[in-house]
Amino acid sequence: MFYTFRLTLSRSDVLEFYEGSLGAVSVLTEQGLRLQFPFHHLRPFVSFSGVNGRFRVMIDSSNKIARIERIS
């Protein structure tokens, strides 16, 4: 199963995660589901300006994140 979502996190937002002030990201998927997951899943997508894009998250049969990929 997969879900898609758009996410924009500024550089200062990302710094809050790295400093430990925030631990989880909460998004509303394009399918209408509220999805919350640990920030560490987004680390491959962090740039100097933050995180920005449209993503696909694959969920396994145990409702765990199997993979997140940027699709645009």
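Only heavy atoms go into these numbers, but all of them, side chains included; no hydrogens, no water, no symmetry mates.
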**Q.** salt bridge (charged side-chain N to carboxylate O under 4.0 Å, His left out) pairs, two or more places apart, involving residues 18-37
**A.** E30-R54

Q: Could you tell me the separation between the CG atom of D13 and the OG atom of S21, rounded to the nearest 0.5 Å?
A: 11.0 Å

Q: Just jot down the side-chain hydrogen bond (donor to acceptor under 3.5 Å, both in side chains) partners of S47, sequence neighbours excluded, or say none.
A: S49

(Q) Hydrophobic clustering (ILVMFWY, side-chain heavy atoms < 4.5 Å, transitive) - are L7 and L15 grouped together? (A) no

Q) Sequence neighbours excluded, which residues qualify as salt bridge (Lys or Arg N to Asp or Glu O under 4.0 Å) partners of R6? A) none

Q. What's the shortest heavy-atom distance between V25 and V27, and which atoms?
A. CG1-CG1, 3.9 Å

Enumerate, atom names and distances included, each donor-acceptor pair closer than 3.5 Å involving a side-chain atom of residues 65-72, sequence neighbours excluded.
{"residue": "R67", "atom": "NH1", "partner": "E69", "partner atom": "OE1", "Å": "3.4"}
{"residue": "E69", "atom": "OE2", "partner": "R56", "partner atom": "NH1", "Å": "2.6"}
{"residue": "R70", "atom": "NH1", "partner": "N52", "partner atom": "O", "Å": "2.6"}
{"residue": "R70", "atom": "NH2", "partner": "F45", "partner atom": "O", "Å": "3.3"}

Q: Please identify each residue that fulfils side-chain contact (heavy atoms from CB on, under 4.5 Å) with S61, with sequence neighbours left out.
A: none

Q) Side chains of F17 and L9: does their closest heavy-atom pair fall under 4.5 Å? A) yes

Q.
So, using side-chain contact (heavy atoms from CB on, under 4.5 Å) as the criterion, who are the partners of T29 when residues are at least two apart?
A. Y3, Q31, L33, L35

Q: Carefully, step by step, assess F37 and V57 under the rule side-chain contact (heavy atoms from CB on, under 4.5 Å).
A: CA-CA 10 Å; F37 54 90; V57 58; 5.9 Å; no

Q) Under the side-chain hydrogen bond (donor to acceptor under 3.5 Å, both in side chains) test, which residues partner E16, sequence neighbours left out? A) none

Q: Could you list who else is in F48's hydrophobic cluster, with ILVMFWY side chains joined at under 4.5 Å, directly or through other members?
A: none

**Q.** Partners passing ring-ring contact (aromatic ring centres under 6.0 Å, His included) against Y18 (at least two apart in sequence or in another chain)
**A.** F39

